[in-house]
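For ligands, and for the atoms within them, numbers begin at 1 and follow the listed sequence.
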Amino acid sequence: MTLRLGIGSVLAVAVAFGAAACGTPPTPAASPQTPSTTASDVSLVVANGIVITMDDGGRVLAPGSVAIRDHEIVAVDTPAAIDERYRGRERIDATGQIVMPGLINTHTHAPMVLYRGLADDLALMEWLEKYIFPAEAKTVSPEFVRVGTRLAALEMIRSGTTLFADMYYFEEEVAEAVREAGIRGVLGQTIIQFPAPDAKTPEEGLKRTEAFITRFAGDTLVTPAVAPHSMYTLSQGTLLAARDLALKYDVPLLIHLAETQDEVRIAQERYKRRPVEFLSSIKFWAPRTLAAHGVWVSDDEVALLQAHGVGVSHNPESNMKLASGTAPVPAYLRAGVKLGLGTDGAASNNDLDMFEAMRQAAYLHKLISNDPRVVSAREALTMATMGGARALGLQARLGSLEPGKYADLIVVRADRARQTPMYDPVSHLVYATHGDDVVTTVVHGRVLMRDGVVRTLNEAQVLQDARQAAEQVRKAVQ
Ligand SMILES: [Zn+2]
């Protein structure tokens, strides 16, 4: 995918940008020609870091550099090779730091950051019925969703998440906040059988969804999606209507699946089948379906998910905090199910830090299976990058650092006391790194945060608006 220019055009580009270029010119020893005739102009070079590509070969360059032209990665190579061929209009020196694909959060409800810590340590139904549902009924509005998503985007940019899959109400407001922040989203407008904040009936929800899809179709950062809430909160007819919308517009289909034992009981009572069996029996699966949780899934159901190419979002922190159960992640990995990693909403986690999600995923399955070899650091990191991209059907353009892919990457510092010494950067990313260690975040070639300074959002304003919105939440649950 390397763009090859004739010598004339290289000269023209080099002359045009020569004065402004800040790239380190190659040393004469490395190149017999002067930089102005050999280096072609690119928008960004992230130079001299420990580059973890997450490509199929698991390539790590230590050190390595990444060259980005506009939205795309054009080369990943040694610093000398990149400097010889490319000159970045912006150059980020990542010496001693880790450069890796942006993290992909495959399941969240971004605006729910405004309910963070509202109620903890409760049984699921009490938590939902006493706190979350009343708070949502009284507070969810377009403005609330916009304010919440800005806060979530700020947290994600700061902790290295570049793409998130979302299911909520007023999803068009989520989409607008995503565009403002410059982050990437697979955004599912929620459809649910009972009256929701943005739709009185599921029919209205379906109409809203269709309008949402047509409004954001072809958007650079937003991939619109259909999000039927779950098999137990929707009739069979509505589930199939949601699937049909996903087929009609060729968009992803997002659903909560087999999260709790209660859901399995309801499925058995209503349909005499387990949740995955039931959805398979009605041919629910669309080409790009992502099922969140997949906790109470039998071996046969794992095989069904694999056979139908359904992606699964594993959400270890939410599953542990709500005591929902343990997803059969080793079985998913053995079966080759497309497996991503998610945080779930911040009301049940309580943050959007994907480094913590990776660490908890690894720990949880080692403990449950009595085997420290399951869910290795590399497997956890894969879930949070390429695995998430595959689960969302976006693996052709995202999930790894390779020429031709979109330039979504992060730079992570690795020099703190808790990261010293470093023998294996992959081990450190999963077992010793926190979201706060991310210093630079790039999405679609645009630098959203550099050296800890967020460029796209007014941080103080975002936090102030969120605190103000929390006042409404406090009143709603009094
Ligand atoms: Zn959820």
Side-chain angles (χ1 to χ4, degrees), residues 104-120 122-125 127-129 131-133 135-136 140 145 148-149 152 155-156 161 163-171 174 185-194 196-197 205 225-234 239 242 252-264 266 275-276 279 289-297 310-327 339-354 356-357 360-361 383 388 391-392:
I104 297 174
N105 182 347
T106 46
H107 181 64
T108 193
H109 313 278
M112 291 187 84
V113 288
L114 294 175
Y115 303 131
R116 190 197 317 268
L118 175 66
D120 304 296
L122 296 170
L124 178 67
M125 286 329 280
W127 176 75
L128 278 175
E129 286 171 3
Y131 295 93
I132 299 303
F133 288 157
E136 285 189 330
V140 174
V145 166
T149 307
E155 186 183 352
M156 287 190 268
T161 294
L163 163 64
F164 68 106
D166 197 71
M167 301 170 70
Y168 211 60
Y169 310 107
F170 298 111
E171 203 67 29
V174 176
V186 173
L187 307 181
Q189 167 67 29
T190 292
I191 300 156
I192 197 157
Q193 206 70 29
F194 50 77
V226 186
H229 179 271
S230 61
M231 60 74 55
Y232 66 97
T233 52
L234 287 165
L239 285 166
L253 184 62
L254 314 177
I255 188 166
H256 291 101
L257 179 65
E259 180 176 2
T260 63
Q261 277 180 299
D262 268 346
E263 180 174 339
V264 178
I266 293 167
V276 177
L279 290 175
T289 306
L290 182 94
H293 300 297
V295 171
W296 296 95
V297 173
V310 177
V312 172
S313 175
H314 176 41
N315 310 296
E317 295 169 276
S318 169
N319 295 161
M320 285 193 274
K321 188 159 185 274
L322 297 173
S324 303
T326 310
L339 193 61
L341 191 62
T343 57
D344 208 348
S348 64
N349 182 316
N350 295 359
D351 62 35
L352 305 178
D353 184 343
M354 285 290 290
E356 204 181 315
Q360 298 301 330
M383 268 190 245
L392 290 164

Side chain to side chain donor-acceptor pair (under 3.5 Å) involving E171 - partner list, sequence neighbours excluded
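Testing E171 for side chain to side chain donor-acceptor pair (under 3.5 Å), a comparison that skips the adjacent residues, returns none.
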Partners meeting side chain to side chain donor-acceptor pair (under 3.5 Å) with Y169 (sequence neighbours left out):
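Y169 satisfies side chain to side chain donor-acceptor pair (under 3.5 Å) with no residue once adjacent residues are dropped.
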Between N315 (side chain) and S313 (backbone), is there a donor-acceptor pair under 3.5 Å?
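Side chain of N315 to backbone of S313, a donor-acceptor pair under 3.5 Å: yes, one is there.
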side-chain contact (heavy atoms from CB on, under 4.5 Å) partners of S230, counting only residues at least two apart:
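Counting only residues at least two positions away or on another chain, S230 forms a side-chain contact (heavy atoms from CB on, under 4.5 Å) with Y232, T233, H256.
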Using a cut-off of 2.8 Å, how many protein N, O or S atoms sit around the Zn ion (ligand 1)?
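Counting protein N, O and S atoms closer than 2.8 Å to the Zn ion (ligand 1) gives 4.
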Could you check T106 against M383 for side-chain contact (heavy atoms from CB on, under 4.5 Å), going step by step and ending with a plain yes or no?
CA-CA 9 Å; T106 46; M383 268 190 245; over 6 Å; no
Please assess V140 against V145 for the test side-chain contact (heavy atoms from CB on, under 4.5 Å), listing each intermediate value before the final yes or no.
CA-CA 7 Å; V140 174; V145 166; 4.0 Å; yes
